[in-house]
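Everything on this sheet refers to the single structure shown next.
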Amino acid sequence: MNLSQFNRILRQVFLLPVIALLLMAVALYLQIQGANSTVNLIQESNARIAQVSRIEKLILNEESGLRGYENTSDDRFLQPYLAASSSLQAEFDKMQTLPGLDSIEKHYLDDLIEKHQIWQDAFALPVIATIRAGGQVRDVDLNLRGKIMMDDIRQDIADTTHNAEQRRSARIDLWRRQVRQMEWFLLALALCVGISIGLFALNRLHAVSSAYKTSLDVLGRRAEEIFQSEQELRTTLASIGDGVITCDAAGRVQMMNPVAVQLTGWTQAEAQGQPLEAIFHIVNEKTRDIVENPVAKVKRLNRIVGLANHTVLIRKDKTELNIADSGAPIRDRTDGIAGVVMVFRDITLERKTQDALLANEKLAVAGRLAATIAHEIHNPLDSVSNLLYLMRNGASKEESEQFMDMAEQELARVTQISRAMLGLYRESKAPVQVDLKEMLQEILLLMEHRFSDERVTIHTDLPSSVSVDAFPAELRQVFSNLIANAAEAAGPGGEVRVSITPQKDGLTETGIKQEAGATVLIADDGAGIPAEVRPHLFQPFFTTKGERGTGLGLWVSRGIITKHGGSIELTSNTDDSTHGTVVSVFLATKPTINAGGD
Amino acid sequence: MPEQSHLVLCVDDELIGLKVRKILLERAGYRVLTAPDGSAGLDIFSREPVEAVVLDYSMPGMNGGEVASKMRQTKPHIPILLLSAYMGLSSDVLSMVDLYMTKGEGPPVLLQKLSSLLQSSSDA
């Protein structure tokens, strides 16, 4: 049942009793009208009876006045007669004009008037005239006739009165019947209307009630579903392997899952309602600066944010964990921020693994160079020991000088190689000025032999020195890696080109602001890298070299270049005529070293 | 000093090393021919009556193993001493040569090994 149906029922339940009561009122009105008209008739009968009794009184006054006059012959006794007689005609007229006279009553009245007229004309007036003439009216016959006439009149009056009284009692009976009938009618109507209103209301309310019950059921089911889904979400949150903290829009903690409790060291009860920064105290691993509160960051940027690298969470007991985290806004219906959910995890172990991988890759780079180094050191050593042997076994002065010169040259070579080798491992705490040209030349020197072994030709375009601030050991690792990759890709008979293009600060032709620095290009004319492989090149453990590769080279290289605030890009072409791969590395002269870049 | 000095071919891309080795072997009484790479070495090997070869392994273009296998195809009886800066060469390569030594082991070892090779080849 929807709301309009419910409203219709409400209207029905309201209107039906009103209509029923109106109908009842109409019926009652009609009944009362009937009873009223009967009462009118009764009143008419009463008026008639009263009129008749007035007439009777007047006639009696006439008779008794006349009798007094007969006895005394004094005019004063005649006065009542005269008075009655004079008003009698008016009373008769009044009687005749009374409403509701039927023919019988008319007949009685006409009879009465006529008999009274006869009595007056035939008895009263002659008696009065006789007395005035001085005659005697004590004649028995005469008086007897008068008496008979008067008796007749009296009889008539009595009949008329009786008749009227009969009618009145009949009307009263009628009225009583009507009233009783009305009582029954009222009772029946009240019962009918009451029962039908009751039944109708019951029926309607039944409909409402069943609809209400249905709604309750639906609500119950919904509530159950919501409860279930909330339980599911809770279970999901609780069983998620990462720490989850939700905050309201003001950044106060609302919920923490068990992992979050474990990682922060704060219980849900302690943390509830606290500002996030109170329990989620994060600092930069290296600088120890306080890292921006993720809630503030999400609100500021109004999007999902990742946390800066090298973030350390200081737990309640002041122990520290390396964490990675992200924050996401919880949207309300108007797309505003209703809260923030933060997901974070302990990456301490991950960091150690990553450090181990980086060290591993460094060793691998060194290992790849080891063969070259053995060659480069053993060859001069061999010459030197041969020269010493020759000198020991009797050489002339000139010969000895010549041998010593040669030995010195060879030793200088060893020194140079050993320096280049050490450069790969020399760690510096702070960036130093590195001459890219010198560095690339050293690396190429170390690898020279390998190139000639593999019959790879190297072309260099290294202009006057270009210096950048950098960690030299790390850059050596990157360039050794990239050049070795290029040589391998070029293959026997192939070519590798290494060049440096210095860049001044200012605007490019397209108006883009550029930093001072240099771009190192390492290009080979190998087969090129298929497009489907390219996106994976900078991922860890991805290698196209099978057993021979660690799959870490480019991943580590990119990390190092990013740390140096530079960029590394790879373009490749597998066309038949123009195949080859170019890796370009941009390094700024005065970069912002991003310690957290790897 | 042998009555008739043996003719030895030295092949190495290390020019100073090659020059010093030539002087050393000449002082030891050998006649020495030198080649700076594998193809030049093969050329001399086929032309001259070389009695022994002192071959460097790591060379541009063609390594010592390849050079040795080509020499074996033409004159299998000529002894070959392989010199290398590397440790642990593969057994395929070692099977091509009569003796093998690492650079830097010192001139006495070289002279002793070369003379033993020539001894055994003349015995054969």
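Letters A, B, ... mirror the listed sequences (proteins, then strands); counts begin at 1.
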> Among L110(B), D56(B), I23(B), who wins on heavy-atom pairs under 4.5 Å with chain A?
Replying inline: I23(B)

>> Quick check for you: to the nearest 0.5 Å, what is the distance between S383(A) atom OG and R21(B) atom CZ?
In response: 7.0 Å

> Distance from T102(B) atom OG1 to H378(A) atom NE2, nearest 0.5 Å?
Replying inline: 7.5 Å

>> Would you say CG of D576(A) has more than 12 non-hydrogen atoms from neighbouring residues, nucleotides or ligands within 6.0 angstrom?
In response: no

> Is it the case that more than 12 heavy atoms not belonging to K437(A) sit under 6.0 Å from its NZ atom?
Replying inline: yes

> Heavy atoms, side chains only, cut-off 4.5 Å: are L381(A) and K103(B) in contact?
Replying inline: no

>> Within the structure provided, determine whether Y389(A) and V20(B) are in side-chain contact (heavy-atom separation under 4.5 Å).
In response: no

> Would you say D382(A)'s side chain and G104(B)'s backbone share a donor-acceptor pair under 3.5 angstrom?
Replying inline: yes

> If every non-hydrogen atom of G106(B) is compared with every non-hydrogen atom of S385(A), which pair is closest and at what distance?
Replying inline: CA-OG, 4.2 Å

>> Quick check on F403(A) against chain B: is it the side chain, the backbone, both or neither that has a heavy atom closer than 4.5 Å?
In response: side chain

> At a heavy-atom separation under 4.5 Å, does R413(A) approach chain B through its side chain, its backbone, both, or neither?
Replying inline: side chain

>> Using 0.5 Å steps for rounding, measure from the CG atom of N63(B) to the OG atom of S452(A).
In response: 11.5 Å

> Quick one: what part of L25(B) sits under 4.5 Å from any heavy atom of chain A, side chain, backbone, both or neither?
Replying inline: neither

>> For the CZ atom on R392(A), are there more than 12 heavy atoms of other groups (residues, nucleotides or ligands in this structure) within a distance under 6.0 Å?
In response: no

> Could you give the distance from CG (D12(B)) to CG (N379(A)), rounded to the nearest 0.5 Å?
Replying inline: 6.0 Å

> Are any of the side-chain heavy atoms of N393(A) and R27(B) separated by less than 4.5 Å?
Replying inline: no

